[in-house]
Engineer: 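The structure under discussion is supplied below as structure tokens; questions concerning it will follow.
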Amino acid sequence: MVISPLRRKVLRDLRRLWAQVLAIALVLAAGVATLILGNGAYSSLHETRARYYDDYRFADVFADVTRAPRALLGDIREIDNVLAAEARIAKLALLDLPTMAEPGTLFMVSLPENADRGLNLLHLRLGRLPDPQSAHEMVVSEGFAAAHRLHLGARLAVLMNGQRRELVVTGIALSPEFIYALGPGEMMPDPRRFGIAWLPRPALEAAFDLEGAFSNVVLKLAPGASVDRAIEALDRLTAPYGGSGAVAREDQISHAFLDAELKQLRAMVKVLPPIFLMVAAMLVNITLSRLITLEREQIGLLKAIGYSSRAIAQHYVEFVLAIAMLGIVIGVAAGSWLGAGLAQLYVRFFSFPFLIFTRDPQIYGLAAGFTVAAAVAGALFAVRVAVALPPAAAMSPPAPADYRARMAGLRRLFALRQTGVMVARHLFRWPLRTASGMFGVAMAVAILVASLWSFGSINHMIDVTFTRAERHDALVAFGAAEPARALFAARQMPGVLAAEPFRAVAARISHRALSRKLSIMGKPEAPVLSRVLAPDLRPMAMPEAGLILSEALAEALAVRPGDRVTVEFLEGARNTVTLPVSGLSLGYVGLGAAMEIAALNRAAGEGAVISGVALQIDETQQKAFYAAAKATPKTGFVAVTALTVARFKETLAENITVMITVYVGLAAIIAVGVVYNFSRIALSEQGRELASLRVLGFTRGEVSGILFGELATIVLLAQPFGWLFGYVIAFGMVQAFSSDLYRVPFVIGPEVYVTASLVVCAAALASAWAIRGRINSLDMVEVLKTRE
Amino acid sequence: MSNSIFRTKGLTKVYRSGAQEVHALRGVDFRAARGEFIVILGPSGSGKSTFLNIVGGLDTATAGEAWFGDHQLTALDERGLTQYRRDHVGFVFQFYNLVPSLTARENVALVTEIARHPMSPDDALALVGLTDRRDHFPAQLSGGEQQRVAIARAIAKNPEVLLCDEPTGALDSATGIKVLEALAEVNRSVGATTLVITHNAAIREIADRVLRFADGRIVEETTNATKKSPAEVSW
């Protein structure tokens with residue numbers, strides 16, 4: 001095979017300029033990798049979830065009732081568009097393990113009657129389903145089994161409805177209902193302290209005094225059916241039995257958290273790849289422009305001996321395509337590798353029985369297409385110059401750079417020396433190039449600002465939530481509302497220093513056509529242990545009458561303080577009242593509404609009852625307290641603040657190193673790519689000038705200073721823009737992420753900007769260091785002899 | 001011999017390119033007196049540029065010695081050579097090598113800023129007759145004007161030596177003469193020892209002494225009893 005001379009030149013150019021080529025290819029690769037990674041992870045997670053839901057018949061509607069007769073199921077099945085309905089018992093039980101002092105909860109769910117045609121089917125990992133007649137056999141969730149090293153046949157003591165029972169593990173399973181298994185009162189899944197156990201219905205009926213009744217119902221709807229209408233009908237049927245309002249799949253906790261994750265991936269795919277591709281296009285443009293300037297005479301010669309403009313354009317486009325190909329190859333490899341890593345992370349964090357890591361050729365094609373497009377777009381302008389050169393003009397040297405701007409003002413302002421003037425004039429002579437360099441560096445900073453801020457925000461969120469609002473050490477939620485005197489009983493428990501009651505009543509709050517279902521929290525007039533904070537972080541007093549809504553809820557209902565909302569209680573007397581909104585509160589997770597506890601009970605038409613207590617505990621008596629809390633039949637679950645926070649921080653810490661490494665790596669790729677290419681081009685353009693200065697007696701340091709001064713100016717001027725871009729991107733992400741589930745506080749501390757800038761400046765310094773050798777070996781003798 | 005500013009003894013330079021050795025200088029013995037105006041002639045590859053580069057501190061010798069006053073140039077390291085060029089030597093290049101982003105005056109100031117006893121950039125430009133062009137950028141000046149700026153830049157530090165490699169090589173005769181006049185004027189007023197390399201034999205008449213290089217050696221040395229002024233020569 002004969003390689004044409006021009007193609008051979010492409011290969012030689014690639015080899016000669018390998019470092020610059022690699023730097024650009026890496027930026028392109030980062031774009032490809034994030035595109036593949038983001039899209040790949042998104043579609044993997046999406047596909048996996050869809051398949052899982054389908055295969056295991058995940059329900060569409062979920063509803064809790066206090067106690068409904070099984071006969072009601074027949075009516076429920078009659079609801080329009082209901083394909084299947086299943087009545088279950090779903091109740092919390094407390095763990096009673098000798099190996100675990102701290103409180104733990106098992107969510108007891110009755111098994112589908114029919115292992116094939118039921119809903120929310122189990123994926124049995126190990127062992128078998130319990131004998132339907134057995135009262136002691138259970139299947140436990142995989143994460144829980146792993147956290148406690150439970151094997152088949154293991155025995156486990158639980159407190160159900162205050163009664164201790166020993167159960168035997170016959171199987172280990174997963175369920176589409178608990179992909180993200182969040183315990184009550186927790187912020188992160190903790191498989192050690194929260195697990196799911198599936199038992200035959202009769203066993204649970206007996207344990208929870210629910211013979212012939214159910215406490216939970218799930219529905220599968222016909223495709224395309226109106227979920228709202230089904231919920232409405234279901235709520236009507238369950239209302240007499242303590243139905244607290246059904247929720248659609250989109251509000252089911254496990255599903256909603258997964259959705260939040262998917263949303264985040266979507267946002268990443270929208271933000272990161274375009275940044276890399278834009279920066280790469282800019283780098284291709286400036287690098288190719290310089291190459292074409294240097295090869296002016298060769299282009300003229302080629303044209304003079306008969307090569308067409310088209311052939312020459314093709315030659316340079318081939319050069320760029322080769323860089324793009326390199327970027328695609330590296331990016332695909334990195335993207336696939338990182339994608340597999342991310343998939344592993346998902347498998348660990350979310351409980352899937354399988355993971356479909358899609359290798360959708362479309363995504364790869366799309367990534368390759370965008371990359372080539374970005375590279376070629378970057379090349380177009382430069383190539384057009386080459387094409388337009390008439391051969392005669394091309395063969396004579398280019399006119400010397402024409403400087404006219406004197407910039408006397410700038411010079412006086414900074415008391416610049418001549419070398420400083422050189423730097424300034426050079427930067428102003430090619431404003432577009434200077435701007436693109438700044439743009440590139442700013443993007444590197446922006447990527448860091450837009451990723452690093454979240455850690456500070458999360459810390460802020462934790463700090464506000466647990467040191468200013470939820471200041472209790474433990475929270476005991478009762479299985480059902482208890483008379484107010486339960487508070488005094490709680491105060492008598494070992495280790496309890498202070499106790500504060502709370503009430504939680506399920507309600508639907510609506511304003512005009514908007515409504516949300518949630519628990520309204522009742523608190524003492526001036527709560528101490530569990531406070532509600534105003535947006536300025538001041539603790540709020542509970543109003544005599546009226547509701548305090550979290551900002552997210554107020555937004556969802558489009559209400560302002562002073563407006564009146566309709567509150568439809570979904571428990572007890574099921575009163576419907578209208579209440580004024582008396583204030584707005586801060587809230588990061590979920591929707592919140594609070595009022596004074598007595599006022600809440602009055603409005604709900606109930607006596608002086610409480611749902612649980614927030615407690616301050618003497619640390620030295622923790623164990624005794626845990627034991628006592630467990631032993632109290634009233635206890636539904638116990639949440640321990642320190643454990644919640646520790647688990648949250650632990651989970652965060654697991655991801656933070658990986659995330660920071662990835663983002664620092666991505667930002668460094670841009671910073672190095674931009675600074676290295678800019679310094680090589682600057683050196684190529686000014687090498688002659690700099691060598692002349694060396695002849696005139698300038699030291700290596702002084703000469704490097706001129707070149708690096710220019711780069712440093714670009715890098716430093718880019719910082720504020722980087723901060724600004726980063727701020728805007730982060731703000732956009734906050735808007736995109738915020739949902740009824742989360743409301744991330746938008747806090748960017750100065751340390752975020754400082755860290756981002758330091759990382760980028762370090763990367764810039766490293767790439768400047770890489771060309772130091774070239775500056776030091778500038779050929780002074782050559783300068784005396786040759787014309788550029 | 002206090003009057004001698006340059007001394008070389010057996011100055012030898014061998015370049016190795018691949019397996020081949022190229023003897024650029026084969027033992028040059030040379031002396032120059034303070035204030036002397038020396039023209040160095042010789043064909044391409046005769047070693048004259050290599051010689052100028054070594055005495056100018058741009059290149060190192062393979063063997064032999066080169067002295068500038070009491071400094072042994074051949075014993076200096078890179079840092080020492082840079083300091084030597086900075087403090088004592090003015091260079092003028094064939095292609096001027098002005099910084100395009102600086103005006104004439106700024107190009108001169110570039111050097112005066114780092115020199116120990118510089119004259120003012122305006123004085124240096126006045127010496128070469130460019131006072132009224134001092135705020136122009138190189139791209140706005142003619143070749144001759146650019147070369148005169150380069151001379152002003154070279155002499156503004158009040159150097160002891162002025163080394164010029166083909167200073168008129170890129171210029172036409174009339175412009176070249178102007179440049180030579182500037183060089184001669186500087187040599188007179190600043191008293192810098194001036195070494196001018198040229199292909200142009202006509203220039204020899206304005207020198208105190210003329211050296212002819214061939215094959216890495218000085219093969220001929222002539223002293224002009226009377227030197228002509230640049231205006232009197234032509235080519």
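Naming convention: chains lettered A, B, ... in sequence-line order (proteins, then strands); numbering from 1 in each chain. The analysis underlying the following values was restricted to heavy atoms, covering all of them including side chains, and did not include hydrogens, waters or symmetry mates.
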Engineer: Evaluate whether atom CG of A/Leu432 has more than 12 neighbouring non-hydrogen atoms of other residues, nucleotides or ligands under 6.0 angstrom away.
Structural biologist: no

Engineer: Less than 4.5 Å apart, any side-chain heavy atom of A/Arg417 and any of B/Ile114?
Structural biologist: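 Side-chain contact under 4.5 Å: yes.
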
Engineer: Check salt bridge (charged side-chain N to carboxylate O under 4.0 Å, His left out) between A/Arg433 and all other residues, then give those that pass, not counting sequence neighbours.
Structural biologist: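 Listed in chain order: A/Glu685.
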
Engineer: Can you name the closest pair of heavy atoms from B/Lys157 and A/Leu696 and give their distance?
Structural biologist: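 Shortest heavy-atom contact: NZ-O, 3.4 Å.
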
Engineer: Rounded to the nearest 0.5 Å, what separates atom CD in B/Glu78 from atom OG1 in A/Thr699?
Structural biologist: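 Spacing of CD (B/Glu78) from OG1 (A/Thr699) equals 8.5 Å.
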
Engineer: Identify which part of A/Arg694 has an atom lying under 4.5 Å from any heavy atom of chain B, answering side chain, backbone, both or neither.
Structural biologist: both

Engineer: Side chain, backbone, both or neither: which part of B/Val89 has a non-hydrogen atom closer than 4.5 Å to chain A?
Structural biologist: neither

Engineer: Answer yes or no: is there a donor N or O on one side and an acceptor on the other, between the side chain of A/Arg425 and the main chain of B/Ser101, under 3.5 Å?
Structural biologist: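 Between the backbone of B/Ser101 and the side chain of A/Arg425 there is a qualifying donor-acceptor contact (under 3.5 Å).
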
Engineer: Which pair of non-hydrogen atoms, one from B/Asn97 and one from A/Ser692, has the smallest distance, and what is that distance?
Structural biologist: ND2-OG, 2.9 Å

Engineer: Has B/Glu21 got more than 12 heavy atoms of other residues, nucleotides or ligands less than 6.0 Å from its CD?
Structural biologist: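 Correct, the count exceeds 12.
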
Engineer: Would a distance-only check, ignoring hydrogens and angles, find a side-chain to backbone donor-acceptor pair under 3.5 Å from B/Glu113 to A/Gln418?
Structural biologist: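 It does hold such a pair.
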
Engineer: Does a side-chain N-to-carboxylate-O contact under 4.0 Å join B/Arg86 and A/Glu702?
Structural biologist: yes

Engineer: For B/Tyr15, does the OH atom have more than 12 heavy-atom neighbours from other residues, nucleotides or ligands under 6.0 Å away?
Structural biologist: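 Yes, the 6.0 Å shell around OH holds more than 12 heavy atoms from other groups.
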
Engineer: Measure A/Leu693 against the heavy atoms of chain B and call it side chain, backbone, both or neither at under 4.5 Å.
Structural biologist: side chain

Engineer: Is it the backbone or the side chain of B/Gln83 that comes under 4.5 Å from a heavy atom of chain A, or both, or neither?
Structural biologist: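 Answer is neither: B/Gln83 stays 4.5 Å or more from chain A.
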
Engineer: In this structure, are over 12 heavy atoms from other groups packed under 6.0 Å from A/Arg7 atom CZ?
Structural biologist: no

Engineer: Heavy-atom distance under 4.5 Å to chain A: side chain of B/Arg79, backbone, both or neither?
Structural biologist: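 Looking at B/Arg79, nothing touches chain A.
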
Engineer: Report yes if some heavy atom in the side chain of A/Met422 is under 4.5 Å from a heavy atom in the side chain of B/Leu110; otherwise report no.
Structural biologist: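 In contact.
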
Engineer: For A/Arg774, does the CZ atom have more than 12 heavy-atom neighbours from other residues, nucleotides or ligands under 6.0 Å away?
Structural biologist: no

Engineer: Which residues satisfy the ring pair (Phe, Tyr, Trp, His ring centres under 6.0 Å) test with A/Phe721, sequence neighbours excluded?
Structural biologist: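 A/Phe721 satisfies ring pair (Phe, Tyr, Trp, His ring centres under 6.0 Å) with no other residue.
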
Engineer: Taking atom NZ of B/Lys178 as the centre, report whether more than 12 heavy atoms of other residues, nucleotides or ligands fall under 6.0 Å from it.
Structural biologist: no

